[in-house]
Amino acid sequence: MTIFQIHDTVGAIVRDRPSLSRLFEQAKVDYCCGGKKTLEEACRQVGIDPQGFLAQLEASTASDEEPEVNVATLSLTELADRIEQTHHAYLHSELPRLEKMTAKVAAVHGDKEPRLHQIKAVFLALSQELATHLMKEEQILFPMIRQLESSETLCLFQSGILANPVRCMEFEHEEAGIALAQLRQLTDDFTPPNWACNTYRAMLDALANFEQDMHQHIHKENNVLFPRAMEMEQQKARQFSV
């Protein structure tokens with residue numbers, strides 16, 4: 001039985017089956033910032049056969065017996081809370097650690113591998129952008145979404161409709177995606193050279209985990225939380241304009 005179709009969006013596929021994100025990561029198919037692309041479009045963009053990748057997804061789904069939390073079934077408030085408690089908490093802890101690691105490895109091994117200085121600079125800029133991004137979500141956008149869901153009337157926000165801050169967050173997600181791609185390229189897909197010390201190797205492992213968490217984080221916002229919140233706002237606008 002076919003579960004997915006080649007014209008399904010990659011964001012919808014990972015939304016319904018989060019465990020499949022591992023296959024998307026391995027194939028380098030973007031399911032977060034590029035979540036609105038169809039499976040066919042996303043596969044052709046990275047030069048892999050869409051039908052072949054579809055077969056992999058089907059086979060993985062058939063053998064996957066691990067229960068999943070389907071974020072699409074959570075309320076908007078529950079989903080916002082979950083994103084903060086998992087992905088935001090991870091970033092608040094991991095960003096300072098990775099800033100120190102990239103700086104240390106660049107200082108020790110930068111003469112032998114000049115790209116380490118670029119890695120340090122790219123990560124530091126991304127870390128600073130993410131700190132501001134998280135603050136805007138936690139103090140502005142997520143409270144707006146919670147208020148929208150709990151209110152029995154149409155909410156009037158100072159920033160206008162919800163789509164305005166959402167567009168800002170999605171743009172910043174795209175910028176983060178570019179930086180993540182740069183880090184992957186600069187590290188040769190997070191592959192350590194033979195001479196790398198343990199700290200160097202630990203840094204690359206941490207960057208790989210950071211990339212994977214960011215992809216899932218952005219996916220949950222771009223492809224689940226934001227569309228559902230804007231749809232709810234539009235429904236309330238139609239309801240209370242009558």
Side-chain angles (χ1 to χ4, degrees), residues 14 18-19 21-26 28 30-33 35 69 71 79-143 168-225:
V14 179
S19 65
S21 62
R22 298 181 184 92
L23 287 180
F24 281 86
E25 298 279 352
Q26 293 167 7
K28 300 181 182 177
D30 179 12
Y31 63 86
C32 54
C33 294
V69 174
V71 294
L79 180 51
D81 290 347
R82 188 177 184 86
I83 289 171
E84 283 192 9
Q85 293 162 5
T86 55
H87 300 295
H88 284 212
Y90 166 80
L91 289 175
H92 286 307
S93 171
E94 193 69 358
L95 290 176
R97 187 177 83 97
L98 265 168
E99 283 185 21
K100 293 177 182 177
M101 291 182 75
T102 54
K104 179 178 180 179
V105 174
V108 175
H109 300 294
D111 290 341
K112 189 170 186 177
E113 173 50 272
R115 291 183 299 174
L116 288 168
H117 295 295
Q118 295 176 266
I119 292 167
K120 170 190 169 183
V122 170
F123 184 81
L124 179 60
L126 175 57
S127 179
Q128 292 172 343
E129 290 293 328
L130 284 174
T132 303
H133 181 87
L134 296 179
M135 180 184 67
K136 287 187 284 190
E137 287 190 340
E138 292 170 5
Q139 298 184 14
I140 300 173
L141 181 55
F142 284 10
C168 178
M169 295 299 98
E170 288 182 334
F171 174 77
E172 292 180 5
H173 287 166
E174 291 178 7
E175 293 293 302
I178 293 171
L180 290 171
Q182 289 177 318
L183 289 170
R184 175 172 280 278
Q185 182 180 31
L186 287 168
T187 59
D188 299 323
D189 294 335
F190 309 113
T191 304
N194 293 334
W195 50 266
C197 67
N198 286 341
T199 303
Y200 195 155
R201 293 174 186 274
M203 178 196 74
L204 293 177
D205 180 70
L207 285 173
N209 290 332
F210 168 70
E211 180 198 62
Q212 184 175 22
D213 185 84
M214 281 292 295
H215 284 171
Q216 295 187 14
H217 179 178
I218 293 172
H219 157 70
K220 289 173 186 176
E221 293 183 355
N222 279 13
N223 302 318
V224 188
L225 180 64

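- In this structure, Leu91 and His217 have side chains that are in contact, with non-hydrogen atoms separated by less than 4.5 Å.
- Evaluation of the salt bridge (charged side-chain N to carboxylate O under 4.0 Å, His left out) rule for Glu172 yields Lys136 as partners, not counting sequence neighbours.
- Residues that satisfy the salt bridge (charged side-chain N to carboxylate O under 4.0 Å, His left out) test with Lys28, not counting sequence neighbours, are Asp189.
- Rounded to the nearest 0.5 angstrom, Met214 CE and Leu130 CG are separated by 4.5 Å.
- Applying the salt bridge (Lys or Arg N to Asp or Glu O under 4.0 Å) definition to pairs two or more places apart or across chains, those involving residues 87-101 are Glu94-Arg97.
- The only option from Leu225, Leu79, Asp81 that meets the side chain to side chain contact (heavy atoms under 4.5 Å, CB included) definition with Phe142 turns out to be Leu225.
- Once rounded to the nearest 0.5 Å, the distance linking CD of Glu137 with CD1 of Ile83 reads 7.5 Å.
- In terms of modelled atom types and a separation under 3.5 Å, the side chain of Arg201 and the main chain of Ala196 share a donor-acceptor contact.
- His215 contributes atom NE2, which lies 7.5 Å from atom SG of Cys33 (distance to the nearest 0.5 angstrom).
- Aromatic ring orientation, Tyr31 versus Phe24: perpendicular (interplanar angle above 60°, classes split at 30° and 60°).
- Using a 4.5 Å heavy-atom threshold, the side chains of Leu116 and Lys120 count as separate.
- Side chains of His133 and His173: a donor on one and an acceptor on the other come within 3.5 Å.
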Report task. Please step through side chain to side chain contact (heavy atoms under 4.5 Å, CB included) for the pair Thr132 and Gln128, ending with a clear verdict. Result -> CA-CA 7 Å; Thr132 303; Gln128 292 172 343; over 6 Å; no
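- Annotation: side chain of Val108 is not in contact with side chain of Tyr200 (no heavy-atom distance under 4.5 Å).
- The backbone N or O of Phe123 sits nowhere less than 3.5 Å from a side-chain atom of Ser127 that would complete a donor-acceptor pair.
- For residues 207-220, the salt bridge (Lys or Arg N to Asp or Glu O under 4.0 Å) pairs, not counting sequence neighbours, are Arg184-Glu211.
- The two residues Ala179 and Val122 come nearest to each other via the heavy atoms O-CG1, 3.9 Å.
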Query - Evaluation steps, side chain to side chain contact (heavy atoms under 4.5 Å, CB included), between Ile119 and Leu183 - result: CA-CA 6 Å; Ile119 292 167; Leu183 289 170; 4.0 Å; yes
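- Summarising the geometry, atom CD belonging to Gln212 is positioned 9.0 Å from atom CD belonging to Gln26; distances are rounded to the nearest 0.5 Å.
- Checked by atom type, the side-chain pair Glu138/His92 shows a donor-acceptor distance below 3.5 Å.
- Under the rule for a ring pair (Phe, Tyr, Trp, His ring centres under 6.0 Å), Phe190 has no partner lying at least two apart in sequence or in another chain.
- Applying the side chain to side chain donor-acceptor pair (under 3.5 Å) test to pairs two or more places apart or on separate chains, none has a residue in residues 102-112.
- Taken from CZ in Arg115 to CG in Leu186, the straight-line distance is 6.5 Å, to the nearest 0.5 Å.
- Going from atom CE of Met169 over to atom CG of Leu134 covers 9.5 Å, rounded to the nearest 0.5 Å.
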